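Quick caveat, the model's predicted, so the values are computed rather than measured. When reading the values below, keep in mind they use all heavy atoms of this one structure, side chains included, and skip hydrogens, waters and symmetry mates.
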Amino acid sequence: MTMRRREFALRLQKLAWATAAATWMKPITSLAQTERKWNNDPFAWGVASGRPRPDSVVLWTRLKVEENDLQSRTTTEEPIAVAWAIYSDENLRQLIQQGTVLTDSVRGHSVHVHVQGLQSAKPYWYQFTSGNAASARGKTRTAPALDAVVKKLKIALASCQHYEQGEYIAHQDIAQHDVDMVLFLGDYIYESSNPRHIIRKHGSGEPQTLQEYRARYALYKSDPMLQASHAAHPWVLMWDDHEVVNDYANDRDQRYTDPKIFLQRRAAAYQAYFENQPILFGPNLNSPSRASMRLNEQMAWGQLVDIWTLDCRQYRSYHACADPLRGGGRVVTGCNELDEPNRSMLGMEQEKWLSQGLVDSKRQWKIVAQATQLSSTAIQTPLGQATYTDAWDGYPQSRKRIMQNITQAKLQDVVTLGGDVHMNVAANLRVQPNQEKSPVVASEFISTSITSRGLDESVLSTIRANNADLLHARSDERGFALIEVSPSGVQCEFRTTPFPANAKASLSVQATYVVKSGVAGPQKA
Ligand SMILES: [Fe+2]
């Protein structure tokens with residue numbers, strides 16, 4: 001027994017965490033398969049799948065291991081075996097693959113299974129078991145073959161789900177829709193509370209440590225409507241700031257904490273993120289701080305779409321003209337630092353990766369999924385232009401380079417998707433925002449938050465009046481957006497409710513916009 005535990009520990013130490021995902025998924029055969037008797041449901045946090053590719057998906061669960069379940073076996077902790085199985089039918093009769101993996105407290109009892117060798121463009125159903133316990137069934141889907149002719153891609157676009165500020169009715173709606181994937185663009189958890197709008201409570205303070213971030217995820221994952229959304233579709237994920245702390249930029253937080261200390265917190269937050277999501281790669285333990293983790297990826301949906309997910313937090317330049325007492329984003333006027341050419345929202349490496357990818361893409365639609373807002377919300381004031389520095393307005397040269405690249409490469413059919421700002425947005429994107437002489441080169445859709453409260457209408461009406469490129473901007477309702485990509489166009493249906501505090505509320509269509517192939521800029525449907 002001791003020997004096996006030592007071998008297990010050694011095996012984990014040997015491999016870097018970039019490859020650790022694979023380590024964690026290694027099937028085992030030597031573990032004695034004595035029936036484990038659970039006193040509590042270890043699958044109480046649900047199941048999930050993600051990262052759909054033509055031949056693979058990632059299956060996820062995280063065991064909820066309570067005190068009396070540990071003690072029932074032994075006083076020293078040992079790995080727990082979890083069996084998984086994937087089927088081609090919803091009644092779980094046609095078994096396609098199965099296996100067993102080990103997990104333990106080092107990884108927060110999370111389970112990531114990278115199932116490979118699947119058929120493309122197919123639905124699959126899956127389930128986990130451990131001893132006498134079985135999980136809920138999940139449904140997932142593989143992407144079409146890279147060269148497949150595809151007529152449609154349906155995405156549920158979502159972000160920003162402050163637990164305290166509403167019920168996850170948008171997720172219930174997503175679960176009931178027939179979509180190919182959920183694209184979640186950040187603020188999956190919130191670290192902080194806002195004393196206004198509390199309908200239920202985190203019940204604990206701001207997480208700083210790995211244990212505290214794990215506990216915060218556990219709370220969010222306990223919500224049945226969120227679980228339903230995960231169980232119904234594969235998710236493609238990008239984070240924003242609240243997965244760590246509000247308005248952090250790279251290795252800096254709003255309090256200007258010593259970066260060495262802040263990176264320890266970031267490492268804890270990133271690890272907890274990995275442990276709680278159906279993604280393939282965890283933190284890079286080869287990096288000195290262990291606080292780096294690559295999340296940005298490119299994926300395709302047949303010949304129809306290329307999708308890039310962009311990390312707008314980990315590599316960004318610090319906020320321009322930040323308040324020396326309280327950092328992060330704010331509204332600034334007369335800030336020359338904004339236009340410094342070496343400032344980047346993505347970091348130069350990621351920015352080049354995106355630009356090259358866009359130019360090289362052979363697929364019709366190019367979808368750029370990023371965490372915040374590309375279109376401008378700046379306001380003209382007697383003191384000059386007032387700019388909010390946390391979104392892309394705070395990185396105007398970075399935005400300009402991306403738009404110029406689209407123009408110079410004569411790229412058509414570029415649509416950006418975003419989140420973070422808690423409002424529905426349909427907008428024109430130009431090299432020079434709002435300048436009629438500067439042609440529209442791409443289109444932006446941002447879905448409102450699942451629950452997090454938005455800007456006051458008085459502020460937003462001023463923003464709209466100052467930014468002609470905002471064709472639609474509403475912050476008063478909560479929900480998500482249904483995005484349908486087809487060869488002829490991309491349709492965005494904003495589905496919302498004004499009553500996010502009511503678990504029985506239902507969503508309805510606030511507005512529908514379309515981007516027609518070959519014509520940049522959304523049009524009202
Ligand atoms: Fe948010």
Side-chain angles (χ1 to χ4, degrees), residues 50 155-163 165-166 168 170-171 173-174 179 181-191 220 226 229 233 235-249 273 277 279 295-297 307-314 316 329 345-346 367-377 388 390-395 399 415-427 429 442-455 460 463 470 472-483 490 492-496 500 507 510-511 513 522:
I155 298 171
L157 175 66
S159 60
C160 297
Q161 51 187 23
H162 203 302
Y163 180 84
Q165 295 185 1
Y168 292 156
H171 278 305
D173 201 80
I174 289 171
V179 294
M181 69 173 82
V182 176
L183 180 58
F184 195 92
L185 297 182
D187 293 351
Y188 186 96
I189 57 161
Y190 277 71
E191 86 293 357
Y220 280 59
L226 177 59
S229 182
H233 314 292
W235 282 40
V236 172
L237 287 137
M238 178 45 69
W239 53 32
D240 194 30
D241 54 339
H242 289 285
E243 283 86 351
V244 181
V245 65
N246 183 49
D247 274 12
Y248 85 91
Y273 185 87
Q277 301 295 13
I279 55 178
L295 203 54
N296 59 298
E297 288 200 280
I307 301 175
W308 290 264
T309 49
L310 304 185
D311 186 333
C312 295
R313 286 289 159 192
Q314 190 175 182
R316 69 155 76 189
M345 171 66 105
L346 305 174
I367 291 191
V368 178
Q370 51 83 42
T372 178
Q373 182 169 11
L374 270 151
S375 49
S376 180
T377 59
Y388 175 57
D390 190 61
W392 283 85
D393 270 349
Y395 301 82
R399 173 172 62 193
V415 176
T416 71
L417 303 178
D420 179 46
V421 290
H422 309 176
M423 58 180 169
N424 287 324
V425 174
L429 295 176
S443 318
E444 176 169 59
F445 291 122
I446 298 170
S447 63
T448 191
S449 53
I450 296 282
T451 52
S452 312
R453 295 306 171 108
L455 280 175
L460 189 54
I463 288 173
L470 299 179
H472 182 93
R474 272 185 65 178
S475 57
D476 57 328
E477 296 188 329
R478 314 276 67 88
F480 73 102
L482 264 184
I483 308 284
V490 173
C492 172
E493 181 183 287
F494 297 117
R495 294 185 59 78
T496 56
L507 304 190
Q510 182 186 84
Y513 281 79

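- Rounding to the nearest 0.5 Å gives a distance of 10.5 Å between OH of Tyr188 and CD1 of Ile450.
- In this structure a side-chain-to-backbone donor-acceptor pair under 3.5 Å is present from Glu444 to Leu374.
- Applying the salt bridge (charged side-chain N to carboxylate O under 4.0 Å, His left out) rule to Asp187 yields no partners; only residues at least two apart in sequence or on another chain are considered.
- Each of Arg474, Gln510, Arg495 was evaluated against Asn424; a single residue qualifies, Gln510, per the side chain to side chain donor-acceptor pair (under 3.5 Å) test.
- Closest heavy-atom contact between Tyr168 and His162: OH-C, 4.2 Å.
- No donor-acceptor distance shorter than 3.5 angstrom exists from the side chain of Ser229 to the backbone of Ile174, with no hydrogens or angles considered.
- Between Leu346 and Gln370, the closest side-chain pair of non-hydrogen atoms is not below 4.5 Å.
- The two residues Gln373 and Thr377 make their nearest non-hydrogen contact at OE1-CG2, 3.4 Å.
- One distance of note links CH2 of Trp308 with CG of Asn296; it measures 12.5 Å at 0.5 Å rounding.
- At a threshold of 4.5 Å between non-hydrogen side-chain atoms, the residues Ser159 and Asp240 do not count as touching.
- In this structure, Arg453 and Pro500 have side chains that are in contact, with non-hydrogen atoms separated by less than 4.5 Å.
- No hydrogens or angles considered: nothing links the side chains of Trp239 and Gln277 as a donor-acceptor pair under 3.5 Å.
- The two residues Ser447 and Phe480 make their nearest non-hydrogen contact at CB-C, 4.1 Å.
- Classified by interplanar angle (parallel below 30°, tilted 30° to 60°, perpendicular above 60°), the ring pair His171/Trp235 is parallel.
- Here the side chain of Ser475 pairs a donor or acceptor atom with the backbone of Leu455 at under 3.5 angstrom.
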- request: Let me see the working for Val244 and Arg313 under side chain to side chain contact (heavy atoms under 4.5 Å, CB included), right down to the final yes or no.
  value: CA-CA 10 Å; Val244 181; Arg313 286 289 159 192; over 6 Å; no
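- Note that CG of Leu183 and OG1 of Thr309 are 8.0 Å apart. Values are rounded to the nearest 0.5 Å.
- In this structure, the side chains of Asp420 and Asp241 come closer than 4.5 Å at one or more pairs of heavy atoms.
- A 4.5 Å side-chain heavy-atom check between Met238 and Leu310 finds every atom pair outside the cut-off.
- Evaluation of the ring-ring contact (aromatic ring centres under 6.0 Å, His included) rule for Tyr395 yields no partner, not counting sequence neighbours.
- The shortest side-chain heavy-atom distance between Leu429 and Ser375 falls under the 4.5 Å cut-off.
- For the atom pair Leu470 CG and His472 NE2, the distance stands at 10.5 Å (nearest 0.5 Å).
- Between the side chain of Asp247 and the main chain of Gly329, a donor-acceptor pair closer than 3.5 Å is present.
- Taking both residues in full, the closest heavy atoms of Phe445 and Leu157 are given as O-CD2, 4.2 Å, listed atom of the first, atom of the second, then distance.
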message: Using the rule given for side chain to side chain contact (heavy atoms under 4.5 Å, CB included), can you reason through Val236 versus Ile307, listing the C-alpha separation, both sets of side-chain angles and the distance that settles it, and then say yes or no?
response: CA-CA 10 Å; Val236 172; Ile307 301 175; 5.7 Å; no
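- Listed by chain and residue number, Arg51, Arg53 satisfy the salt bridge (charged side-chain N to carboxylate O under 4.0 Å, His left out) test with Glu297 (two or more places apart in sequence, or in another chain).
- For the pair Pro522 and Tyr513, the tightest heavy-atom approach, listed with the atom from each and the gap, is CB-CD2, 4.1 Å.
- To the nearest 0.5 Å, atom CE of residue Met181 and atom NE2 of residue His233 are 11.5 Å apart.
- In this structure, the separation between OG1 on Thr416 and CD1 on Ile446 is 7.0 Å, given to the nearest 0.5 Å.
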message: Run Asp393 and Arg399 through side chain to side chain contact (heavy atoms under 4.5 Å, CB included) and show every step you take.
response: CA-CA 8 Å; Asp393 270 349; Arg399 173 172 62 193; 2.9 Å; yes
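- Counting heavy atoms from C-beta on, the side chains of Trp392 and Thr372 come closer than 4.5 Å.
- Here the closest heavy-atom approach between residue Arg478 and residue Ser452 is recorded as NE-O, 3.0 Å.
- Side-chain contact between Ser443 and Val490 is absent, with no heavy-atom pair separated by less than 4.5 Å.
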